[in-house]
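Take a look at the structure below.
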Amino acid sequence: MSASKKCPNCGQWSRWNQNPTDRCEHCQSILDPVAVARQQAREERRKEEEERFSIKLIEVDPEDPWYTRFFKRIGLGLQIAFVSVISFILWLIALLAG
Ligand SMILES: [Zn+2]
């Protein structure tokens with residue numbers, strides 16, 4: 001069953017499946033701009049959270065001199081240790097929250 005919604009742009013009634021992406025049959029403008037904005041905000045927040053927890057690991061290049069490789073390996077080790085600790089804390093939080 002589909003509902004109808006009055007287009008905020010041209011004022012004509014248009015078929016509406018309650019999707020935020022539904023567009024007016026007459027002028028092609030978005031029928032529910034508030035829902036679209038809300039969905040975009042949610043999407044952006046999700047992306048930000050993903051970026052916060054993803055760390056770019058150091059790449060050890062075999063062409064680097066030995067001391068560079070040495071320090072990069074230490075850095076990489078620290079990064080991996082850090083990621084492990086963070087994952088452990090997140091796991092613990094999830095466990096305690098559940
Ligand atoms: Zn319209």
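All values derive from a computational prediction rather than experimental measurement. Whatever order the structure lists ligands and atoms in, that order sets their numbers, starting from 1. Below, all heavy atoms of this structure are taken into account, side chains as well, without hydrogens, waters or symmetry copies.
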Please list, in chain and residue-number order, the protein N/O/S atoms closer than 2.8 Å to the Zn ion (ligand 1). Cys7 SG, Cys10 SG, Cys24 SG, Cys27 SG

Should Lys72 and Phe70 be marked as a side-chain contact (heavy atoms from CB on, under 4.5 Å) after you check the CA-CA gap, both sets of side-chain angles, and the distance that decides it? CA-CA 6 Å; Lys72 275 187 173 179; Phe70 178 73; over 6 Å; no

Looking at Ser4 and Trp13, would you say the former's side chain and the latter's main chain have a donor-acceptor pair under 3.5 Å? no

Roughly how far apart are Trp91 CH2 and Leu95 CG, rounded to 0.5 Å? 5.0 Å

Any side-chain hydrogen bond (donor to acceptor under 3.5 Å, both in side chains) involving residues 34-43? Give me the pairs, sequence neighbours left out, ordered by first then second residue. Glu43-Arg46

Could you tell me the separation between the SG atom of Cys10 and the NZ atom of Lys6, rounded to the nearest 0.5 Å? 10.0 Å

Are any side-chain N or O atoms of His26 and backbone N or O atoms of Gly11, one a donor and one an acceptor, separated by less than 3.5 Å? no

